[in-house]
A.B. asks: 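Take this structure, written in structure tokens, and hold onto it; I'll ask about it next.
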Protein chains: 2
Amino acid sequence: MTSIPPRLVPAISSVYASGMEKTGQPTINDVARIAGVSKKTVSRVINRSPLLNEDTRKRVEEVIGDLGYIPNPQARALALGRNFLIGLVHDNPNAQTVMNVQQGMLEALYDTEFEMIVRPLNRGSLTMLDDLRHFLERQRPFGVLLMPPISENDVIAKLCADIGCRYVRMGSTELDSDEHMVASNDREAVRDATRHLIDLGHRRIGLVSGPHGFRSARERRLGFEDAMRDAGIALPRSMIADGDYRFESGLVAADRLLDVVPRPTAIFSCNDEMAAGVIHAACQRGLTVPRDLSVIGFDDTPIAAHMWPPLTTVRWPIATMARSAALKLIAGMTAQESDAAVSEPSLFRSTLIRRASVSAPAAE
Amino acid sequence: MTSIPPRLVPAISSVYASGMEKTGQPTINDVARIAGVSKKTVSRVINRSPLLNEDTRKRVEEVIGDLGYIPNPQARALALGRNFLIGLVHDNPNAQTVMNVQQGMLEALYDTEFEMIVRPLNRGSLTMLDDLRHFLERQRPFGVLLMPPISENDVIAKLCADIGCRYVRMGSTELDSDEHMVASNDREAVRDATRHLIDLGHRRIGLVSGPHGFRSARERRLGFEDAMRDAGIALPRSMIADGDYRFESGLVAADRLLDVVPRPTAIFSCNDEMAAGVIHAACQRGLTVPRDLSVIGFDDTPIAAHMWPPLTTVRWPIATMARSAALKLIAGMTAQESDAAVSEPSLFRSTLIRRASVSAPAAE
DNA sequence: CTTGTCATTGACACCGGTTTCCATTACACA
DNA sequence: TGTGTAATGGAAACCGGTGTCAATGACAAG
């Protein structure tokens, strides 16, 4: 009546064959079998458990190396109840800015088990919040990095928190607690840039502002106003034109400012793209930059250095900020960096890059 | 002696409580229990199995809706032996191009269960191939989209094939079988652009080429040579200057070309960034574009429309190509698109965009 | 009434890891 | 030599889905 348990047969034959046929990928079972230990022990090696004999560890590591074994991230994610995805969520129209952020994040994630996944959102779309929720609920990324301007939205930050997803917001000013934020000092930087114009002798300085509702736009405008007030220069409403961070709006805004009599001798534009529009508009009128008009931008995108004349602008350490933000997100999750990460800085300095689009105003 | 089986207690109470405590996320078991069916049936609903009673489907779908149940992508990936990640692999230095590709891919992936994951590679890095292998082996994405110039590398395509990862290569010419490629007609497009210059009366036309080893650079150069040959215009070596697709190289190349006597009256640059360098160099010499020098670029990046003067250039339907490539990657994997996807086109037309950087040459 | 077919459904093993809990071993100490 | 304790490794359950295959029941045909 006692029959041989049928599972013994495959069990024996599987000693040398099982597991590697399907995909050619070795599994944890293969490693365990060949190293002569249990799965658990291999798991301990992978996860750097301290309760482990040194010899055993070495033997297992050797087998892992020989086999080229790589733990299946999906299986780990399932077992651990969390995954290794770091999301980049943005609705930023500036390609170079986004790329710089990606660059910085990848630097931080390099050599970790985390992977970056990018989710652009359509700025202004009514379904934006739903799209984001959908993304977070489906992918459940371990953490997300929120880029401006979406990072300024408290509702979105709350959504992340509610879903239980770590988040860090990149911003132009302090938006959140240290743990959830990296910020730059846009206001001061713009104040310094404007002061640079004032120091050169400019008095009629125009501002092309950013879009309403953008924190960065507000900060930059405030910085501009600070500098003018500090210098005791009146700032008539006609010297401020609204932009929306896009090239075309810079064009239109500059046209308005340059129609004012007497004409401004300098224009500060809240980003480089609009500054390109300003220069474009000036050229169309036959003005020469900087002789007839000095221009300063903000961002230091490649276009700034490449346009003619090269644009004086404010450089924002965006890749560094993104790197720091990503390190905050994975803080405590990696062996080597855990201590460094908790002390990642939250505040970064933007600095003025002087190029050829600025000079002293022509004598009148 | 007959004690109540202890598991009954939690079993009974769990009808309304179990499974949802840990993360707040309902699982397939919750849905099954509440709908009064088995996991498998819920799975059938999720996967749109046809072998399913309509009433059952409705009831389960209702529960899914009520609970806000979302299948765990990691668990599905594990069970199915494949995941829902589509990788974008690139070493392209042009931010706008990369963003356009991302845009196109996301359009294709929108409303599917696939997610985009981006892996930039350091162009020219010795570890590039290893980095890519590492990425593919660790993440095992369902498919990858290879952007130029890395897409031109047959070794890399073979690596994808060996690992069992679907791939589609974006290129400037036919690189692979239809299934694995989307291409544009760079050569023809450049021929047309050059002919445009010739038709306007230009005879001394300079070329700023792209880097050696880039397929796109070769195609564009060939198109240029085609047009000159067709028109019976001699093309002295001095009228060709090497660039590497970067702004600075355009600057240097233009300096070389503009030193030639007699000076060229037009320059075709193999991309916009170098064209910006050409215009920059011309401005530095006090030349006016297009009066003294006509310039044509390639790519139609935003910088082209924003620089002064606006750049005549060749527009490459990159987002459309990327969208098509992504649809090829997921062909047969989505319910609605399966038929459309197999017939995704593989060849796309680039077209000349006429702006203000080109005019007839000045009379001599 | 019996049998076969089809549509529908569920039990159970499985994907490849991690975790819990227990068994074993080694070693120090009485 | 007996025993308590720490270190180590293994068996089995589990994470949340999917595949296989068999069971069920309704219905038509014989």
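Quick note on labels: first sequence line is chain A, next is B, and so on, each numbered from 1.
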A.B. asks: Starting at CG of Leu78(A) and ending at C1' of dG16(C), how long is that distance when rounded to a whole Å?
C.D. replies: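 So the CG-C1' distance, Leu78(A) to dG16(C), works out to 9 Å.
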A.B. asks: How many whole angstroms separate atom CD of Gln74(A) from atom P of dG16(C)?
C.D. replies: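 Taking atom P of dG16(C) as the reference, CD of Gln74(A) is at 11 Å.
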A.B. asks: Would you call Asp154(A) and Arg169(A) a salt bridge, using N to O less than 4.0 angstrom?
C.D. replies: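 Looking at Asp154(A) and Arg169(A), the cut-off is met.
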A.B. asks: Decide, yes or no, whether a salt bridge links Lys58(A) with Glu61(A) under the criterion of side-chain N to carboxylate O below 4.0 Å.
C.D. replies: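 No.
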A.B. asks: With side chains defined as the heavy atoms from C-beta onward, is the minimum distance between Asp131(A) and Tyr110(B) less than 4.5 Å?
C.D. replies: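 In short, these two side chains touch, coming nearer than 4.5 Å.
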A.B. asks: DNA chain C: Leu52(B) or Ile46(A), which has the more 5' nearest nucleotide?
C.D. replies: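 The 5'-side residue here is Leu52(B).
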A.B. asks: Among residues 36-44 of chain A, which ones have heavy-atom contacts with DNA chain C below 4.0 Å?
C.D. replies: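 Of all residues in residues 36-44 of chain A, the ones placing a heavy atom under 4.0 Å from DNA chain C are Lys39(A), Lys40(A), Ser43(A).
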A.B. asks: Specify the separation, in whole Å, of atom CG of Leu67(A) and atom P of dG17(C).
C.D. replies: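 In whole Å, dG17(C) P and Leu67(A) CG are 12 Å from each other.
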A.B. asks: Is the shortest side-chain N/O distance from Asn47(A) to OP1 or OP2 of dT18(C) below 4.0 Å?
C.D. replies: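 Yes, within the criterion.
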A.B. asks: Any salt bridge linking Arg59(A) with Asp55(A)? Criterion: basic side-chain nitrogen under 4.0 Å from a carboxylate oxygen.
C.D. replies: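 No, no charged N to carboxylate O under 4.0 Å.
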A.B. asks: Select from Arg57(B) and Leu80(B) the residue whose nearest nucleotide in DNA chain C is closer to the 5' end of that strand.
C.D. replies: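 The residue whose closest nucleotide sits nearer the 5' end is Arg57(B).
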A.B. asks: Quick check on dC15(D): is either OP1 or OP2 less than 4.0 Å from any side-chain nitrogen or oxygen of Asn72(B)?
C.D. replies: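 False: Asn72(B) side-chain N/O out of range (4.0 Å or more) of dC15(D) OP1/OP2.
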A.B. asks: Specify the separation, in whole Å, of atom CZ of Phe84(B) and atom C1' of dG16(D).
C.D. replies: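 Interatomic distance, CZ of Phe84(B) to C1' of dG16(D): 13 Å.
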A.B. asks: For dG9(D), take OP1 and OP2 only and decide whether either is under 4.0 Å from a side-chain N or O of Thr56(A).
C.D. replies: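 Yes, such a contact exists.
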A.B. asks: Rounding to a whole Å, what distance do you find between Ile70(B):CD1 and dG17(D):P?
C.D. replies: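 That distance rounds to 11 Å.
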A.B. asks: Are any of the side-chain nitrogens in Arg133(A) or Asp162(A) under 4.0 Å away from the carboxylate oxygens of its partner?
C.D. replies: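 Between Asp162(A) and Arg133(A) there is no salt bridge, as every charged N stays at least 4.0 Å from the carboxylate O atoms.
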A.B. asks: Tell me: CG of Asn53(B) to P of dG10(C), nearest whole Å?
C.D. replies: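 Answer to the nearest Å: 11 Å.
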A.B. asks: In terms of side-chain geometry, is the basic nitrogen of Glu344(A) or Lys328(A) positioned less than 4.0 Å from the acidic oxygen of its partner?
C.D. replies: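 Answer for the salt bridge query: no.
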A.B. asks: Quickly work out the Arg76(B) CZ to dG17(C) C1' distance and round it to whole Å.
C.D. replies: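 Rounded to whole Å, this separation is 20 Å.
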A.B. asks: Please determine whether a side-chain nitrogen of the Lys or Arg among Glu115(A) and Arg138(B) lies less than 4.0 Å from a carboxylate oxygen of the Asp or Glu.
C.D. replies: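 Salt bridge between Glu115(A) and Arg138(B), a charged N being under 4.0 Å from a carboxylate O: no.
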A.B. asks: Would you kindly give the CZ-to-P distance between Arg59(A) and dT8(D), to the nearest whole Å?
C.D. replies: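 Rounded to the whole Å, the gap is 13 Å.
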